[in-house]
Trainee: 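Let me give you the structure first, and then I'll get to my questions.
Computed from a predicted model, the values in this text were never measured in an experiment. So you know, we letter chains A, B, ... as the sequences are listed, proteins then strands, and number each from 1.
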Amino acid sequence: MKRSKVAALLATTEIDREVLVKGWVRTKRGNKFVSFIALNDGSTINNIQLVADAEKFSEDSLREVTTGACIAASGILVASQGKGQTVEIQVNNIEVLGAADPEKYPLQKKGHSLEFLREIAHLRPRTNTFGAVLRMRHAMAFAVHKYFNDHGFYYVHTPIITGSDAEGAGQMFQVTTLDPANPPKTETGEVDYTEDFFGKQTNLTVSGQLEGEVAAMALGQIYTFGPTFRAENSNTTRHLAEFWMIEPEMAFADLTDNMDSAEEFLKFLVMYALNNCKDDLQFLNDMYDKELLNRLNFVVQNSFQRLEYTEAIEILKSAKQKFEFPVEWGTDLQSEHERYLVEKHFKKPVILINYPKHIKAFYMKQNEDGKTVRAMDVLFPGIGEIIGGSQREENYEKLAQRIQEMGIHEEELWWYLELRKFGTAPHAGYGLGFERLMLFVTGMGNIRDVIPFPRFPKSAEF
RNA sequence: UCCUCCUUAGCUCAGUUGGUUAGAGCACAUGACUGUUAAUCAUGGGGUCCUUGGUUCAAGCCCAAGAGGGGGAGCCA
C-alpha cells in the first residue's frame, strides 16, 4: 500500500478505508485498554491520532512506540469518537522503523527554549516551531520565484566565488587552495596569489549585484537568489555569516520604479504567506507573537511611507524622544532612529530615499544637487532595514570619478565600467535579505531560528 | 568587537543574611484508570550547583580569571 501523507488524510472526506502512514511519534497516552499515538510526518503542523486497542496490541508490542520514534502504521481511517480531531486511524499494524530511547531522546512533549534547540539543530526540525518555520521558508522561496517569473524577470546564477574585493560590503571569506602553513611568497615576501587556484586572490561573494547588472543590461529584468557570505564579527539577532539574498535588477527603471517594485514584491510575499501557510502562521501567532497576523495583514493593506533622508533628519531632530546618538544631516541613521520613524512616528513600513552620497556605495546614481544619491532603504518594524537598493549610476565619467574618489581599485571593475561604455541605460535594483523576510513573516525574534543550519562567529557545528 | 545579564537534575527554573541532608514542575520508570487531547493520579530513580583559583570555621551563594549562552550596540541584508 502506498503511504498517505498526514496533511492529505486530515483534509479528506473519504473515510472508512485502509490507509498507511509513516512518521515520528509526538506523544503516546492512554490506559490499559487503549493507546493514543499522535503522529507527525512533516506534511503539516497537525498530527494524526492513531488508536491502538489493547486487544490487538499488547503493552509490550508498543514498548518502542515512544516520543521521537519513527513508525509505519496501517489501519482504517475513521471518524473520530473523541473530541479534538475529526478523523483518526484505527490501527491494525505498527512497524517500528527507528526507536528513540526515551531516556536519551532530547525532545519532550513539552516546550523547549529556542536556545536549547539551537544546540540540537539536527533534531529541532521535528518540533512544531521549526516544522512551521521550515515549511514557511520553502513557501517564501517558492513565492520569490513565482513573483519574478510572473513579472517577466529571469533567474540568473551569479558566481559564489568572486575575484573582486571592490564591492565594499564588508569583510570577506577567502577561498584558496594554498597551504596556509607554507604559502608561496613573492620576492617582496608577500603571499604569491598567482600560484593560487585561480591565479589571483578570491573570496566568497558578498553580493551578486554587479554581475546581476551585467545580465540586466541584456535580458532587461533579472533576479538572483543565492547564498551570500559576510565575515563580519557580528553577534546579533539580525546577522548571519552565511545567508540568502534576493537581488532584482531592472533596466530602464528609475528610483520610483524601484520603490514601486520593492513594495509590490514585499506585499506579494506577505500575502502569499497569509494565503498558503495558514496553520503554521496560526501556530506561530498563538505561541510566539500574538500580533503576528495583525501585523502581516497591516502590511499588505497599507502603503509604505516614502520619505526623503533630509525630511527624516528633520523629523528626528524635532522628536521629543532623546537619542543616544545625535542626529545630524550627513550621518547615517542608527537603529534607534530607524525604529523611531517606523514604530513611533509613522507606525508603518518606511522607504527612505536620497541619502548623502558619502555614506552610500560607489555605484549609486548621483543626484543633481551634488550631495545625495538615489539610494533606497525599506525599513520594517522590529527588523530595521529589510531591503537596500538604488538607481545605479549609468554615466561612465561620473561612475569612474566616484570610484577614484572612494579609492576603489578601478582595474578590478573594468568590466563593470564597460557596461556604461557600450549601450548604457538607466537601471535600478535592490537586495532583500531572505532571512530578514523570514523573521518578519514568522515573528521569530532571532535570525538563527529561521535558517536550518545557522552560520555565525564561532559556530558551524551542523 | 563593546555594554549588560545569565550558567543549579534530561528540560524549564526556585534556592532567604554564607550555615549542616540542594528543591519544584515537566520528562523518565513502575503502578492505577474503558476514548485520551501537553491526559490525570500515586510511587520511585536521577546532581562535576559551568571551570579554575581565592576569602572564610563554613561557599550553590562572596571575590578574581576563564569558558559557554542570551539580550542590546556597532557593521549590514
Side-chain angles (χ1 to χ4, degrees), chain A residues 26-38 46-55 59 63 66-68 78 80-85 88 90 100-120 127-128 167-171 206-209 227-247 262 287 323-325 332-339 359-361 377-380 383-389 430-440 445-451 456-459 461:
Chain A
R26 286 295 171 77
T27 70
K28 183 179 70 172
R29 54 181 172 263
N31 51 46
K32 77 166 76 157
F33 301 96
V34 60
S35 290
F36 301 95
I37 299 157
N46 300 306
N47 305 323
I48 195 155
Q49 173 156 286
L50 311 181
V51 184
D53 286 324
E55 296 169 11
E59 207 172 295
R63 192 166 298 278
T66 58
T67 298
V78 296
S80 177
Q81 294 174 32
K83 292 172 182 171
Q85 60 279 321
E88 63 193 17
Q90 201 70 45
D101 183 349
E103 285 275 14
K104 291 173 182 162
Y105 185 62
L107 292 174
Q108 300 161 13
K109 302 175 191 182
K110 303 231 169 179
H112 295 284
S113 69
L114 294 169
E115 292 81 12
F116 172 67
L117 293 175
R118 264 171 229 152
E119 294 170 11
I120 50 168
T127 62
N128 286 333
E167 292 160 26
Q171 286 288 110
V206 293
S207 166
Q209 180 201 318
T228 311
F229 307 88
R230 304 274 166 91
E232 298 287 352
N233 190 14
S234 295
N235 292 289
T236 80
T237 54
R238 300 181 307 284
H239 290 86
L240 292 166
E242 177 183 291
F243 62 101
W244 289 66
M245 189 154 63
I246 298 136
E247 296 179 284
M287 294 298 291
F323 295 114
E324 188 188 345
F325 294 91
D332 210 352
L333 297 183
Q334 305 292 321
S335 284
E336 55 174 343
H337 305 140
E338 295 179 350
R339 293 182 67 120
I359 60 171
K360 288 293 182 182
D377 282 0
V378 181
L379 309 178
F380 260 36
I383 292 167
E385 185 182 345
I386 193 167
I387 276 180
Y430 54 89
L432 168 66
F434 186 59
E435 283 74 19
R436 291 202 179 164
L437 170 75
M438 287 299 300
L439 282 179
F440 185 72
N446 192 318
I447 203 164
R448 295 167 187 179
D449 297 330
V450 296
I451 187 168
F456 52 95
K458 299 282 190 303
S459 180
E461 174 78 11

Trainee: Do A:E115 and B:G69 share a donor-acceptor pair, side chain to base, under 3.5 Å?
Mentor: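 Side chain to base: no pair present.
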
Trainee: Can you tell me whether the side chain of A:Q85 and the base of B:U36 have a donor-acceptor pair closer than 3.5 Å?
Mentor: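 Per atom types, the contact qualifies.
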
Trainee: Compare every heavy atom of A:K32 with every heavy atom of A:A54, then report the nearest pair and how far apart it is.
Mentor: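 For A:A54 and A:K32, the tightest heavy-atom pair comes out as CB-O, 3.1 Å.
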
Trainee: Rounded to whole angstrom, note down the C1' distance from B:U8 over to B:U55.
Mentor: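 The answer is 22 Å between these two C1' atoms.
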
Trainee: Please state whether the phosphate of B:U1, meaning OP1 or OP2, lies under 4.0 angstrom from any side-chain nitrogen or oxygen of A:N235.
Mentor: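 Indeed not, no polar side-chain atom of A:N235 lies that close.
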
Trainee: Considering only atom C1', compute the distance from B:U17 to B:G25 and round it to an integer number of Å.
Mentor: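 Approximately 28 Å lies between the C1' atom of B:U17 and that of B:G25.
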
Trainee: Kindly say whether, by distance alone, the side chain of A:S234 makes a donor-acceptor pair under 3.5 Å with the base of B:C75?
Mentor: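 Indeed, a donor on one side and an acceptor on the other fall under 3.5 Å apart.
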
Trainee: Does the side chain of A:T236 get closer than 4.0 angstrom to OP1 or OP2 of B:C75 through an N or O atom?
Mentor: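 No, outside the criterion.
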
Trainee: Provide the distance between the two P atoms, one in B:A64 and one in B:G18, to the nearest whole Å.
Mentor: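 These two P atoms come out 16 Å apart once rounded.
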
Trainee: Using atom P of each nucleotide, how far apart are B:U4 and B:U21 to the nearest Å?
Mentor: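 Rounded to whole Å, the distance is 37 Å.
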
Trainee: Mind checking who B:A73 pairs with, Watson-Crick or G-U wobble, both distances under 3.5 Å?
Mentor: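 Base-paired to B:U1.
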
Trainee: Round to a whole Å and report the spacing from CD of A:Q334 to P of B:C75.
Mentor: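 Checked: the CD to P distance equals 5 Å.
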
Trainee: In whole Å, what is the span from the CZ atom of A:F116 to the C1' atom of B:U7?
Mentor: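 A:F116 atom CZ is separated from B:U7 atom C1' by 15 Å.
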
Trainee: Need to verify one output field. Residue with the more 5' nearest nucleotide on RNA chain B, A:R63 or A:N233?
Mentor: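 Looking at the nearest nucleotide for each, A:N233 comes out on the 5' side.
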
Trainee: Using a heavy-atom cut-off of 4.0 Å across all strands, would you classify A:P106 as base, sugar-phosphate, or nothing?
Mentor: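 Here A:P106 touches no strand at all.
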
Trainee: Examine the base of B:G45 for any acceptor or donor lying under 3.5 Å from a partner atom in the side chain of A:E103, and report the outcome as yes or no.
Mentor: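 In this structure, the two groups form no donor-acceptor pair.
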
Trainee: Can you measure A:F380 atom CZ to B:C76 atom P for me and round it to whole angstrom units?
Mentor: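 Interatomic distance, CZ of A:F380 to P of B:C76: 21 Å.
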
Trainee: For nucleotides B:U12 and B:U52, find the distance between their C1' atoms and express it as a whole number of Å.
Mentor: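 Between the two C1' atoms, the distance is 28 Å.
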
Trainee: In whole Å, measure the gap between the P atoms of B:U36 and B:U48 for me.
Mentor: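 The answer is 40 Å between these two P atoms.
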
Trainee: Find the partner of B:A59: check Watson-Crick (N1-N3 plus N6-O4 or O6-N4) and G-U wobble (N1-O2, O6-N3) distances, both under 3.5 Å, and reply none if neither fits.
Mentor: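 When the pairing criteria are applied, nothing turns out to pair with B:A59, so the answer is none.
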
Trainee: Using the P atom in both, what is the distance from B:G44 to B:C6, to the nearest Å?
Mentor: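 Result for the P pair: 35 Å, nearest Å.
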
Trainee: What integer distance in Å separates A:H239:NE2 from B:G71:P?
Mentor: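 So the NE2-P distance, A:H239 to B:G71, works out to 14 Å.
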
Trainee: In whole angstrom, give me the gap between the P atoms of B:A9 and B:G72.
Mentor: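 Pairwise P distance, B:A9 against B:G72, rounds to 26 Å.
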
Trainee: What's the CG-C1' distance between A:N446 and B:G69, to the nearest Å?
Mentor: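 One finds 12 Å between C1' of B:G69 and CG of A:N446, rounded.
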
Trainee: Should A:R29 be listed as having a side-chain N or O under 4.0 Å from OP1 or OP2 of B:A39?
Mentor: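 True: A:R29 side-chain N/O within range (under 4.0 Å) of B:A39 OP1/OP2.
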
Trainee: Are the aromatic rings of A:H337 and A:F323 close, with centres under 6.0 Å apart?
Mentor: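 That pair passes the under 6.0 Å test.
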
Trainee: Taking side chain as C-beta onward, heavy atoms only, is A:K28 less than 4.5 Å from A:T67?
Mentor: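 A:K28 vs A:T67: side chains apart.
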
Trainee: Roughly, in whole Å, what's the span from CD in A:Q108 to C1' in B:A9?
Mentor: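 After rounding, the gap between these two atoms is 12 Å.
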
Trainee: Should A:N446 and A:L114 count as side-chain neighbours, where that means a heavy-atom distance under 4.5 Å?
Mentor: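 No, their side chains stay 4.5 Å or more apart.
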
Trainee: Report the base-pairing partner of B:A14 (Watson-Crick or G-U wobble, both distances below 3.5 angstrom), or none.
Mentor: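 The base-pairing partner of B:A14, which may sit in any strand shown, does not exist here.
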
Trainee: Does the side chain of A:W244 reach to within under 4.5 Å of the side chain of A:I246, using non-hydrogen atoms?
Mentor: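 Not in contact.
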
Trainee: If you assign A:L333 and A:T66 each to the RNA chain B nucleotide with the nearest heavy atom, which residue ends up on the more 5' nucleotide?
Mentor: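 Comparing both residues, the 5'-ward one is A:T66.
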
Trainee: Identify the nucleotide, in any strand shown, that forms a Watson-Crick or G-U wobble pair with B:U43, with both distances under 3.5 Å; if there is none, say none.
Mentor: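 For B:U43, the partner nucleotide comes out as B:A29, under the 3.5 Å rule.
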
Trainee: To the nearest Å, how far apart are A:Q171 CD and B:C75 P?
Mentor: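 That distance rounds to 15 Å.
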
Trainee: For A:E461 and B:G69, give me the distance from atom CD to atom C1', rounded to whole Å.
Mentor: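 The answer, rounded to whole Å, is 15 Å.
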
Trainee: Both distances below 3.5 Å, Watson-Crick or wobble geometry, any strand: find the nucleotide opposite B:U51.
Mentor: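 Paired with B:A65.
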
Trainee: Using side-chain heavy atoms (C-beta onward) and a distance below 4.5 Å, is A:I120 in contact with A:L107?
Mentor: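 Result yes, sub-4.5 Å side-chain heavy-atom pair found.
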
